[in-house]
Amino acid sequence: MEFLDLLALGFGAALTPENLAFCLLGALLGTLIGVLPGIGPTTTIAVLLPVTFFLPPLAGIIMLAGIYYGAQYGGSTTAILVNLPGEASTVVTAIDGYKMAQKGRAGAALAVAALGSFFAGTVATFGLAIAGPTLSGFALSFGPAEYVSLMIFGLLAATILARGPVLKAIGMILIGLLLGTVGTDLSTGASRMTFGAIELFDGIDFIVIAIGLFGFSEIIENLEKTGASGVKVAKITRLWPTREDFKRAWPAVLRGTGVGTFLGILPGGGATLASFSAYSLEKRVSKRPAEFGEGAVEGVAGPEAANNAGAQSSFIPLLTLGIPSNNMMAMMLSAFVIHGLTPGPQILQSQPQIFWGLVASMWIGNAMLLVINLPLIGLWVRLLTIPYRLLYPAILLFCCVGVYSLNNRIFDVALAAGFGLVGYLFRKAKCEPGPLLLGFVLGPLLETNLRRTLLISQGDASVFVERPISLTLLVATALLLLMMIVPNFRKNREEAFKGEEA
Amino acid sequence: MKKILATSALALLAATGSAQAEWPTDRPIELIVAFAPGGGTDIMLRTLAPYLKEILGAEIPVLNRPGASGEIAYTALAQSNPDGYTLSSLNTPGFLTMRIGRELGFDPAAICPIARIVEDPGALIVQANSPYQTMEELVAYAKENPGAVSMGTTGVGTDEHLAMLQLEESAGIDLTAIPFAGANEAKTALLGGHVTAIGLNVGEYSTADQNALKAIGQFAEERSVLAPDLPTAKEQGFDVIQSSERGLATRCDVPEEIRAKLSDAVDQALADPAFLEQAGQMALPLSYLSGAEWVEQMPGRLERYTEIFSLIEAGR
């Protein structure tokens with residue numbers, strides 16, 4: 001049993017007091033920065049990177065990894081409590097998590113999020129341990145053409161994110177696509193819709209839009225409804241999820257784990273795409289789609305499991321092929337390089353204790369995060385009893401600090417404030433920001449990959465149907481479209497949403 | 001009259017000198033990095049900062065002002081006080097190419113380099129099992145099949161793109177540029193076999209998995225210390241010279257002696273064995289040049305870049 005030997009080696013390496021301490025430190029730091037909106041793991045790790053010079057390689061890497069997946073736990077907390085996604089990957093958690101909190105079920109939402117994350121984290125780590133190399137090979141077969149098909153599928157599925165008329169959802173997706181085109185055109189270097197502002201040359205940051213549309217507009221609406229006296233939060237009945245919650249949440253966690261593990265492997269995919277997809281999937285398979293957006297526990301469980309699974313599995317391409325799938329992993333790559341280690345096939349052979357030690361530390365770290373987060377729930381929930389007139393200035397302050405710290409410039413704060421106003425108008429028009437954000441994320445990926453595909457094929461569009469993965473995705477898209485057009489299904493969808501229109 | 005002017009200028013100089021006597025100890029020196037945390041430039045400067053801090057005896061907080069390939073950081077530097085308390089990273093070719101055909105929000109002539117720290121030549125990379133194991137083989141194929149060879153770059157006017165244009169011109173071939181959002185994306189596409197070749201810096205290549213990727217030429221005058229066995233493009237008969245330089249800069253109207261002190265401090269830090277060890281682990285191709293020496297090279301490079309850019313304009 002070579003696998004067990006290697007695992008034992010890994011736990012041996014990870015269970016030294018020193019490595020345990022750095023794992024805990026990383027997990028704690030991650031939780032903290034996850035809670036603060038805007039201050040993401042990428043910045044934190046960049047700042048801490050030089051510090052890891054003075055640590056043994058494994059300890060440094062364990063700590064940095066802990067910050068990354070710890071942030072996935074922490075990010076959900078503010079999303080659920082105050083409708084403020086701390087990380088991009090927790091935007092969809094806010095949709096139902098916040099509604100649950102308003103109904104006095106914040107404790108249940110937080111517990112489901114933490115338990116779901118823990119389960120997904122452990123399973124994805126297991127996947128990393130046994131199937132890492134195979135999965136990476138598959139990820140590499142995703143070229144520009146496959147991405148185009150995946151994005152088209154994703155955009156269509158995005159209409160499911162919203163309640164209300166499909167037309168509004170499509171409108172929001174289109175606005176998202178439009179916002180995604182702002183900035184320098186990668187293929188020609190021309191600047192688009194920047195109005196000469198150099199701050200817009202690199203496009204608009206996701207966090208700026210998310211904080212504006214969710215955080216700021218929520219505050220405006222709350223103050224309009226109730227003045228400074230506060231948001232009426234239903235009395236908290238119980239802290240722990242009910243048996244019914246567990247029954248509904250666990251299949252969602254399973255599906256979310258699968259989606260997250262898969263999308264996490266894809267370059268450029270990662271935790272954000274995973275959580276969006278998991279939410280769409282849950283709403284699609286649910287027998288009670290009408291409850292989504294009104295505090296459905298599956299809407300918290302699925303995405304939370306997915307973003308944590310995605311966070312773990314994005315290590316797979318890095319550790320097995322040496323290619324980072326997102327900015328965070330690029331940072332992890334630097335951490336390896338600083339210690340003279342080159343992630344890739346050789347490291348599995350030459351330094352197995354590094355790979356297996358990291359894998360083991362992820363298990364330990366996820367368990368630590370559960371222990372950190374569950375007792376904190378009582379404390380977090382009490383946060384909601386703070387009078388709103390004291391709470392909202394604090395939220396505003398954290399939002400502004402977070403947005404400012406993205407690029408250290410006030411322009412972004414002003415931009416977020418603008419999106420706050422726009423978001424308020426959207427709320428008045430009963431348009432949901434979820435599809436907009438997904439359009440914003442997927443649009444640029446769709447555009448650049450479409451152009452890449454056609455450049456590589458020298459203008460021949462038949463590649464999309466000639467490549468098997470791409471073809472499969474396109475067929476799935478066509479089926480989904482058909483389901484939406486066929487009258488019978490449409491009637492069902494409209495009926496399902498009728499209750500909420502009132 | 002002339003004399004009076006000269007004397008008063010001297011007096012002014014002396015006055016400024018004494019006003020700056022406390023430099024750099026009375027407050028922190030802000031180091032602006034023109035790229036996001038975690039990039040090559042950021043890591044290099046965050047590694048260097050503690051050594052500069054020790055040598056100068058001043059706090060040196062690092063502040064990332066990413067965006068517009070550095071223009072945001074350079075604009076911030078140009079708007080700072082000329083007192084030596086604001087430094088910025090400086091990268092070529094970006095600093096030079098951004099002024100070609102575009103109005104800038106700052107005057108590039110007002111920004112003076114303090115020192116060049118790293119010079120990292122570009123390299124042409126293919127898959128390890130690629131049918132093209134030399135530049136000649138790749139060029140021969142491209143000649144027969146115009147446009148069929150796709151090359152991953154990180155966008156228009158970036159190092160790899162400029163190198164590619166030079167190769168096209170020098171070899172008389174037609175390549176297809178495929179822009180990616182970063183070197184890692186390009187690397188992934190190459191490993192998946194979606195593009196024929198990509199450009200990477202030698203530093204990046206030396207830390208990559210060399211069983212999967214293979215460099216077939218470097219774009220330097222002389223072989224880089226990081227890749228002594230890799231022939232240059234020139235040795236293979238193609239006139240392609242392209243490297244990324246990274247260093248530090250400040251405003252030109254910062255007093256000469258402060259700029260000299262900063263340059264010396266960088267030089268000193270680069271000689272520190274502890275720093276050298278860290279730089280070695282990160283595969284930083286250290287290549288110190290004083291600000292004056294660096295600035296001397298710039299007009300020549302700018303001219304070359306302008307020429308290459310006119311190739312883009314010509315509709316390539």
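In what follows, chains carry the letters A, B, and so on, assigned in the order in which the sequence lines appear, proteins first and then strands, with residues in each chain numbered from 1. The shown structure was predicted, so the numbers you read here are calculated from the model rather than taken from an experiment.
Panel note: side chain Asn408(A), backbone Arg65(B); no donor-acceptor pair is recorded below 3.5 Å. A distance-only check finds a donor-acceptor pair linking the side chain of Gln458(A) to the backbone of Gly147(B) [under 3.5 Å]. Under a 3.5 Å cut-off, the side chain of His194(B) and the backbone N or O of Ala145(A) do not form any donor-acceptor pair.
By the neighbour-count criterion of 12 heavy atoms within 6.0 Å, atom CD of Glu307(B) is densely surrounded, having more than that number from other residues, nucleotides or ligands. The environment of Glu466(A) atom CD is dense: over 12 non-hydrogen atoms of other residues, nucleotides or ligands sit within 6.0 angstrom.
Atom OG1 in Thr188(B) sits 13.5 Å away from atom CZ in Phe142(A) (nearest 0.5 Å). Atom OH of Tyr74(B) sits about 12.0 Å away from atom CD1 of Ile198(A), to the nearest 0.5 Å. To the nearest 0.5 angstrom, Glu204(B) atom CD is 10.0 Å from Leu333(A) atom CG. Taken from CD in Glu71(B) to CG in Asp202(A), the straight-line distance is 10.5 Å, to the nearest 0.5 Å.
Residue with the most contacts toward chain A among Leu63(B), Ile178(B), Thr196(B): Ile178(B) (heavy-atom pairs, distance under 4.5 Å). In terms of non-hydrogen atom pairs under 4.5 Å with chain A, the most contact-rich of Ser150(B), Ala283(B), Ala183(B), Pro66(B) is Pro66(B). Of the residues considered (Ala189(B), Gly193(B), Ala148(B)), Ala148(B) shows the highest number of contacts with chain A, using heavy-atom pairs under 4.5 Å. Of all the listed residues (Gln281(B), Gln278(B), Met282(B)), the one sharing the greatest number of non-hydrogen pairs under 4.5 Å with chain A is Gln278(B).
Heavy atoms closer than 4.5 Å to chain B are found nowhere in Ile45(A), neither backbone nor side chain. Looking at Thr448(A), there are no atoms closer than 4.5 Å to chain B (heavy atoms on both sides), in backbone or side chain. Heavy-atom distances place the backbone of Thr154(B), and not its side chain, under 4.5 Å from chain A. Ala177(B) touches chain A through its backbone: at least one of N, CA, C or O sits under 4.5 Å from a heavy atom, while the side chain does not.
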Please assess Ile456(A) against Thr176(B) for the test side chain to side chain contact (heavy atoms under 4.5 Å, CB included), listing each intermediate value before the final yes or no. CA-CA 7 Å; Ile456(A) 293 173; Thr176(B) 302; over 6 Å; no
